[in-house]
Amino acid sequence: MKKVAPETVRVRMAPSPTGYLHIGGARTALFNYLFAKHHNGTFILRIDDTDTARSTDASMQEIYDSLKWLSINWDEQYIQSERRNIYDRYVSQLLESGNAYHCYCTPEELEEIRKQARANKQTRSYDGRYRDLTPEAVQRFVAEGRKPTVRIKIPDTPIRVDDLILGSRNIDPATLEDEVIVRSNGMPNYNLTSIIDDAEMQITHVIRGTEHLNNTPKQIVIANALGLKVPQFAHIPLVLDSGGRKMSKRHHGDLVAVNRYREQGYLPEAMLNFVVRLGWSYDDKQEIFSVDELIEKFDLERVGKSGSVFDIKKLEWLNSHYINQLDSAARTDAVIPFWQEAGLLNNSIGDRDWLEGIVEAVGERLTTLQDIVPQTSYFFTDAFEYEPKAVKKWWGNSEEKRERTREILTNISQILEEIPTFDIETIEAAIWKYTDEKDIKRVAAMQALRIALTGASFGPSLFDIVVLLGKDEVLKRIPKAIEHLT
RNA sequence: GCCGCUAUCGUCUAGGGGUUAGGACGGGUGGUUCUCAGCCACCAAACCGGGGUUCGAAUCCCCGUAGCGGUACCA
């Protein structure tokens, strides 16, 4: 494997603004970013928007937002649609040197050519039929109103492709065809603009997904025809769905959108850590990496060759890890927008200490920040349902059992009402004293009370809940539950 | 169809001519506990197949097979 060239590293992430930033794009951005930072180089964001029909400003904005959220910051930025004159100049050069030519193929003709090629099991379809037109023929086509495309001439010598991850190989030019480099509407195409900009921007390493592997020899041909320096390539394997297929907007919708994970309460640190391990590993010991550590340790040589499946369970694990890492103040800050979004909290936040108390009570139970909503809504409202399954199991499904539960709840209510100080220790002692004296199973009493106060059979320590809810609220909810039981 | 890439537990992966093939996620079992989560302990789980080379192959080579990617006037 080749060593990194001594010159200053310059890499780029070149998304097309045709949708949100997706998981694969985020990983490509990260790999580029880490590689740049590791080598003290420059990370460039280049918007490849030569497809004017599909590119949108909204998409561009979302890509910026997602990258910023992930703290993948770029040092320089370019937008290809603003660089038309540069590409036009190179196209003229190609035309003049005879390395490219106008092609007057109609869409119908192209379709027919492709059909034929397939039927004949040919490797390439377009046969270069417009390569050498007489001036008369050109005139005729122009008179017909045909708008030509520009095609690059594929030479007949083998093309060597070096890849830092996949190794080197020679491409038989017979497997390549004269690619369209300028559309009939005059807009240059990806293969052209990409390799020109890589040279213009002095990109040293092109790190991109393997879906671009087959574009690489075409781009090398263009660069060679233009006398441009070719960057080193590193094609990183694809991010796959659980069925082993490439994750794409087309097939997976916003399941692949980085923004969606942000909205669901995933932390950027978790996303970064998750995504970097899709194809890259350090050793057999470490799973958790901070960004600084990644910058220090990231290396193209440790990127694998095969695709990696996106495993949401692993992401969830990482996310809970990073949430648990937050102290309660930071965790509260992180969670407040989710309470607000759910309408449990208005903009004025209110009693900050109380909120932090809730967050502390919830402890390590959050997988995503959004989990705070279902797990704590009962703190904000008593308009919850008593979970039927829990009711059946802990409140009882016979009249005798329900009577018994009513008795327990009534007793506890009384105990709590008469308690001298409403704090955890005192309450705990009083309840245990009660259950021990009456020979009631702790779990039975606690679960009965838990359901009365929260509607559910699971959650944080009940004593935390009781104290956080406060005496008044607890003494309101117990009778309500008893009534429900009657 | 054609061109290309890839192949270790379900998943992410480490390793790599001689290992009980390691870790993590997920799963399972037990313990702790007022429930859940967590934590602790333990368990199951893999080198795609066939040929070579070799004393020895999961590892190197070849051939298959399978999967995936590309096959646009998208990127």
Side-chain angles (χ1 to χ4, degrees), chain A residues 14-18 48-51 53-55 103 105 107 110 114 117-125 147-151 161 163 166-167 169 171-172 174-177 179-191 193-194 208-217 235 237-238 240 242-246 274 277-288 302 304-318 320 324 362-367 375 390 394 428 431-432 435 441-451 454 456-463:
Chain A
S16 67
T18 55
D48 280 11
D49 59 347
T50 51
D51 186 349
R54 295 198 307 148
S55 299
C103 170
C105 240
L110 273 176
R114 254 178 234 125
R118 201 172 177 131
N120 297 334
K121 302 190 174 192
Q122 286 165 344
T123 298
R124 65 175 164 194
S125 49
K147 295 271 186 243
T149 59
V150 177
R151 286 182 187 266
V161 178
D163 191 285
L166 297 172
R169 66 211 164 96
I171 302 298
D172 180 357
T175 65
L176 265 28
E177 59 184 56
E179 203 75 20
V180 170
I181 54 174
V182 181
R183 300 173 172 86
S184 54
N185 68 5
M187 267 310 270
N189 252 325
Y190 167 75
N191 281 125
T193 59
S194 180
R208 68 199 344 175
T210 32
E211 71 266 30
H212 288 293
L213 195 56
N214 293 317
N215 288 325
T216 309
H235 287 95
L238 300 172
L240 279 10
S242 57
R245 288 175 164 278
K246 174 182 161 186
F274 172 67
R277 289 287 287 100
L278 258 25
W280 176 85
S281 63
Y282 180 63
D283 59 16
D284 64 340
K285 298 187 173 57
Q286 195 171 357
E287 289 287 341
I288 307 288
R302 296 202 63 88
K305 296 178 178 183
S306 51
S308 339
V309 173
F310 178 98
D311 179 11
I312 189 74
K313 288 291 183 191
K314 181 100 172 255
L315 209 209
E316 286 175 353
W317 169 71
L318 280 165
S320 58
N324 297 342
V362 167
E364 303 197 337
R365 269 166 271 249
L366 299 177
T367 296
Q375 287 188 27
W394 296 107
E428 182 168 357
I431 302 253
W432 288 165
T435 52
K441 275 192 190 160
R442 287 181 172 193
V443 65
M446 294 298 273
Q447 288 296 73
L449 180 59
R450 177 184 295 280
I451 295 162
T454 74
S457 61
F458 55 86
S461 164
L462 232 202
F463 299 115

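Quick note on labels: first sequence line is chain A, next is B, and so on, each numbered from 1. Given the structure is predicted, the values throughout are model-derived calculations rather than measurements.
As a whole-Å value, the separation of A:I181 CD1 from B:A72 C1' is 15 Å. The CZ-C1' distance, from A:F458 to B:G38, rounds to 16 Å in whole Å. Taking atom CD of residue A:Q447 and atom P of nucleotide B:U35, one finds them 7 Å apart after rounding to whole Å.
Counting non-hydrogen atoms under 4.0 angstrom, A:P15 reaches nothing in the nucleic acid. A:C105 comes within 4.0 angstrom of a nucleotide base, judged by non-hydrogen atoms across all strands.
In this structure, A:T50 reaches the B:A75 phosphate: one of its side-chain N or O atoms is under 4.0 Å from OP1 or OP2. In terms of phosphate contacts, A:R442 brings a side-chain nitrogen or oxygen within less than 4.0 Å of OP1 or OP2 of B:C34. Contact annotation: A:N324 does not reach the phosphate of B:G38 (side-chain N/O to OP1 or OP2, under 4.0 Å).
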Sort me out a list of protein N/O and nucleotides 43-50 of chain B N/O pairs below 3.5 Å, or just none if empty.
none

Enumerate all atom pairs, one protein N or O and one N or O from nucleotides 69-71 of chain B, separated by less than 3.5 Å.
| residue | atom | partner | partner atom | Å |
| --- | --- | --- | --- | --- |
| B:G69 | OP1 | A:K246 | N | 3.1 |
| B:G69 | N2 | A:N214 | ND2 | 2.9 |
| B:G70 | OP1 | A:K246 | NZ | 2.9 |

When you compare the protein's N or O atoms with those of nucleotides 9-13 of chain B, which come within less than 3.5 Å of each other, and at what distance?
| residue | atom | partner | partner atom | Å |
| --- | --- | --- | --- | --- |
| B:C12 | OP1 | A:V309 | N | 2.9 |
| B:C12 | O2' | A:R277 | O | 2.8 |
| B:U13 | OP1 | A:G279 | N | 2.4 |
| B:U13 | OP1 | A:S308 | OG | 2.8 |
| B:U13 | O3' | A:S281 | OG | 3.0 |

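For the P atoms, the distance from B:G67 to B:U8 is 15 Å, rounded to whole Å. Separating the P atom of B:G26 from that of B:A37 is a span of 12 Å, rounded to the nearest Å. Comparing B:A44 with B:G28, their P atoms are spaced 16 Å from each other, to the whole Å.
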